[in-house]
Amino acid sequence: MFNVLRKKLKKALGKNKNMKVSHEKFDQGESDSQTEKHIIASSLRKNKKTIQAIFNNCADVKFREFELGTVPPVKLMIVYIDGLVSTADIHISTLDKLMLLNGLMEEVSANNTLHLIKNKLLPIGQITEDNDFVSITGKILAGDTALFIDGEKKALVLGARGWESRAIAEAESEPVVRGPRDGFTEKMLTNIILIRRRIKTSRLKIETIKIGVLTKTDIGILYIDGIANDKVVEEVRFRLKRIDTDAILESGYIEEFIQDEWLSPFPQVLSTERPDRAAAHLVEGHVVIVVDTTPFVLIVPVTFFHFLTAAEDYYSRNFITMAVRLLRLVAINIALLLPSVYIAVITFHQEMIPTALMINVAGAREGIPFPAFVEAFIMETTFELLREAGVRLPRPVGQAISIVGALVIGQSAVAAGLVSPAMVIIVALTAIASFAIPNYSGAIALRLLRFPLMILAAMLGLFGIMVGLLALLIHLCALRSFGVPYIAPIAPFVMSDLKDFIFRFPVWAMFTRPRLIGYKEPQRQEYMKEPKPPEDKEKQ
Amino acid sequence: VGDRSQDVWIAAILATLLGVLNALFLSKIMSLFSGQTVCSYFTGLGSKFFARIIGMIIIVFVVSVTILSLRDFADLMVAAFFPETPLLVFIVGLALLAAWSAWHGIEVIARMTQFLLPLTVVGVLAVGLLSMTDINLKNFLPLIEDGYTPIIRGAFTHWAFFGDVVIWFLLLPFLNKSARGYTFIPLSIVISGGLLVAVVFFIINGLGAGISAYRTYPYLSLVDKISISGFFDNAKPFFLIVWIFTNFMKINLFFYAATSGISEYFRIKSTIVIPVLAGGAVVLSVVLFDSYISLKTLFGPEYYASVLVIIQIILPVAMLVGWFIKGRSVRTS
């Protein structure tokens with residue numbers, strides 16, 4: 001039956017109206033029960049033929065026929081994908097239990113074999129009945145095992161998944177000195193468990209949907225009921241369901257589908273590898289989107305300043321955090337502005353520099369054949385090249401890049417009189433500053449914007465830089481992330497949110513959630529329970 | 001700006017008081033319109049002709065302030081920082097920014113202002129305070145040297161610039177309902193007036209009335225005086241930044257008010273109004289004035305302030321009269 005269908009399908013690609021079942025149907029997992037063309041038959045032989053036709057040329061799919069160990073033996077067959085199922089479950093909990101009955105069950109009437117197997121024989125937690133080849137195929141592909149029983153019009157689907165996955169390891173993109181070391185893995189279940197272990201409440205809701213016609217990637221929407229804004233949750237659901245694509249291979253795909261404004265260098269979705277960070281955001285009222293097959297989970301809604309925070313900000317002392325955050329503010333300004341300000345000052349506003357320093361800089365630039373802009377552009381581009389090469393190079397060759405970068409480009413370029421030493425300092429500072437910004441995707445946006453600002457500075461000096469910055473400000477003010485203004489604690493100005501902005505108040509003083517995100521249940525703890533020495537307690 | 005004598009700070013205070021009085025009057029009138037623009041309110045009352053005239057006057061005023069500010073800004077840029085760059089570059093730069101933010105709408109403009117205003121105020125005050133190496137109170141003496149006429153003249157000149165608040169007649173529908181008490185208008189005058197008095201104080205204190213009278217941009221000369229331990233000698237660029245911020249905010253808001261006013265008045269989509277208005281403003285601001293001198297003459301009390309009398313006093317009174325005649329009859333019926 002299916003061979004014929006498939007042959008026809010190849011011609012018509014599912015567009016033929018006479019086709020009852022199409023490739024697309026299979027891929028989207030819709031069951032088409034009216035036509036009943038793909039409802040399983042009671043004969044095992046027929047079913048075997050069908051399922052083998054479906055999995056034609058799929059070497060990883062295993063078919064195993066055996067007999068139930070009752071006295072009139074019943075023919076059975078399991079179908080699973082090798083490697084996606086737990087072999088121990090298949091061998092011990094399924095085959096062993098069904099085959100080695102040694103005639104213990106003597107009477108099996110033809111009607112209730114299925115119930116017998118389901119209710120008395122199989123020690124497996126998750127068993128469902130199914131009679132539709134489309135959904136059975138989908139489940140097999142997801143790692144379940146299908147058990148066909150001769151004489152039954154239903155098959156059992158055994159949830160015995162288990163595949164190789166990376167162990168939980170430290171989050172490499174967001175390291176901390178102090179703080180938990182576990183990072184997300186590529187397995188969605190593990191990731192959700194890592195979050196669940198931190199938030200032990202039934203209010204933590206997890207909704208799953210599948211996206212991708214071919215990949216059928218599992219996507220989990222996590223939020224805390226009553227804290228997360230319902231409209232945001234609804235919007236997340238809506239935007240995810242709207243996605244109609246063939247493949248989701250990483251959360252970056254989802255991010256591009258659900259962001260508010262695509263015409264922007266700034267990320268409007270925060271991605272993190274750290275479960276503690278995801279949990280902290282959930283508690284504040286954000287929605288977390290977990291995508292199977294990637295360790296990066298998405299957090300929405302976010303503001304620009306979320307990209308300047310790191311998980312460790314909340315684990316170290318609050319004064320230290322404040323100093324570090326001020327440092328990051330400096331880092332942003334350097335990463336974005338230093339080269340362009342250098343160009344503007346050298347080209348247009350020499351009078352700005354103190355005389356002694358000016359003489360130094362001018363002396364160093366003596367004999368440099370390029371104008372400041374070209375010099376800066378060459379060096380900044382070189383640095384970006386080095387950085388990109390450093391990321392993509394195979395590890396063993398990685399050291400070569402640093403030697404080449406430091407010695408050849410830096411020292412030799414100066415010695416050859418191509419660039420001035422001041423420029424090398426500028427580039428180095430810019431690089432260091434851009435790496436001091438904790439979020440990679442936030443930092444890379446600023447690094448990119450450096451180049452247009454350099455061009456503007458070369459054309460119009462400080463006025464050009466200001467025009468560029470003001471244009472940037474217009475853009476930032478117009479951006480939103482799931483309805484939350486992008487530069488939120490400043491504009492619109494929210495006084496109470498300044499507690500976790502540049503300052504980080506002590507944890508006992510942060511008694512409300514961020515107003516724009518967690519306003520549904522604003523209070524986190526009792527008002528102002530500051531720590532006191534014991535004498536004070538006795539006095540009270 | 002205006003007359004330069006050591007008494008100009010008195011004029012500034014006087015102007016602020018006048019401005020607050022005027023703003024109280026205006027905000028009282030605005031509270032009558034229940035969040036509609038002037039045009040649509042009077043049209044709603046049935047006096048379409050009246051609405052047309054008032055709307056036209058306000059729109060012409062707002063557009064001309066946009067043009068004047070563009071030109072004023074560009075002149076300063078050329079005179080003080082970029083003597084070899086053509087005027088047009090600065091005008092086009094700011095006009096493009098204004099058009100883009102008007103495209104995004106009032107919300108974005110409001111947020112930007114919220115972001116920039118603190119920086120600007122801190123910048124202005126910091127420059128003033130840094131320049132204040134010592135307090136020369138004798139610069140302020142003798143008090144009221146030439147009688148009251150120049151003071152009143154100066155006050156009148158400054159007062160004219162507080163007339164900018166009439167753009168609220170065009171922006172009323174965008175106002176948050178909770179702000180319908182309209183106390184923010186006199187408050188804004190108090191703040192900007194305070195800033196004006198502070199700046200005037202810094203100038204007279206730092207430069208003395210004699211020098212500041214000669215300079216085209218006395219505050220810029222003040223900035224030149226800043227020197228921190230002989231290393232940080234030139235604060236002019238910071239002044240430039242602050243100056244760009246303030247002009248950017250003002251031009252943006254006026255440009256947006258003009259856009260929304262025109263598109264309401266003539267029933268044209270704002271997507272058409274914005275490019276036309278931006279182009280027109282650029283051309284007019286270049287063509288209308290020969291030099292900075294002619295612009296400055298226009299800002300004198302004889303021209304600018306006289307026009308502002310119409311906008312700030314005669315027009316509101318006319319509105320009030322119109323409201324008495326029409327609005328009351330509507331309300332009673």
Side-chain angles (χ1 to χ4, degrees), chain A residues 261 263-264 303-305 329 333 337 340-342 344-358 360 456-480 483-495 498 501-502 516, chain B residues 73-74 76-78 80-86 89-119 176 224 227-245 247-249 251-252 256:
Chain A
E261 171 71 58
L263 211 63
S264 167
T303 66
F304 181 70
F305 300 101
L329 214 60
N333 284 308
L337 290 175
S340 46
V341 168
Y342 175 79
V345 166
I346 292 294
T347 322
F348 293 93
H349 315 273
Q350 294 95 344
E351 79 279 357
M352 225 179 124
I353 321 175
T355 321
L357 183 61
M358 186 64 217
N360 264 350
L456 279 172
M459 289 196 301
L460 290 166
L462 272 184
F463 176 73
I465 298 179
M466 292 312 295
V467 166
L469 284 183
L470 288 175
L472 204 61
L473 183 66
I474 297 177
H475 176 68
L476 280 174
C477 287
L479 269 187
R480 274 165 175 275
V484 174
Y486 200 53
I487 49 173
I490 300 187
F493 184 73
V494 184
M495 178 73 101
L498 294 187
F501 174 49
I502 300 295
L516 290 172
Chain B
F73 168 77
L76 180 123
M77 284 289 136
V78 171
F81 299 103
F82 301 89
E84 287 164 24
T85 315
V89 171
F90 303 102
I91 295 178
V92 168
L94 269 210
L96 277 179
L97 287 177
W100 193 28
S101 50
W103 194 279
H104 281 304
I106 187 81
E107 195 189 31
V108 169
I109 294 175
R111 282 200 207 129
M112 279 185 315
T113 314
Q114 217 167 22
F115 188 91
L116 293 178
L117 194 67
L119 295 179
N176 197 332
D224 257 349
S227 169
I228 300 170
S229 61
F231 176 77
F232 187 75
D233 269 336
N234 198 315
K236 255 174 151 185
F238 294 94
F239 176 77
L240 174 131
I241 291 169
V242 170
W243 197 248
I244 293 174
F245 279 172
N247 278 279
F248 172 74
M249 287 189 276
I251 292 169
N252 267 355
Y256 180 76

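Reminder, nothing fancy here: chain letters follow the sequence lines and each chain counts from 1.
- A perpendicular orientation is assigned to the rings of Phe463(A) and Phe90(B), their planes being inclined by more than 60° (bins at 30° and 60°).
- With a 4.5 Å cut-off on side-chain heavy atoms, Leu473(A) and Arg111(B) do not count as touching.
- Only the side chain of Leu116(B) comes within less than 4.5 Å of a heavy atom in chain A; its backbone stays farther off.
- The choice from Leu476(A), Val345(A), Leu470(A) that makes the most heavy-atom pairs within less than 4.5 Å of chain B is Leu470(A).
- Side-chain atoms of Leu469(A) and Leu337(A), non-hydrogen and from C-beta on, do get closer than 4.5 Å to each other.
- Contacts between Phe248(B) and chain A at a heavy-atom distance below 4.5 Å involve the side chain alone, from C-beta outward.
- With a 4.5 Å cut-off on non-hydrogen atoms, Ile487(A) touches chain B through its side chain but not through its backbone.
- Between Val467(A) and Leu460(A), the closest side-chain pair of non-hydrogen atoms is not below 4.5 Å.
- Side-chain contact check for Ile490(A) versus Phe501(A): some heavy-atom pair is nearer than 4.5 Å.
- For chain A, the nearby part of Leu240(B) is the side chain; its heavy atoms alone come within less than 4.5 Å.
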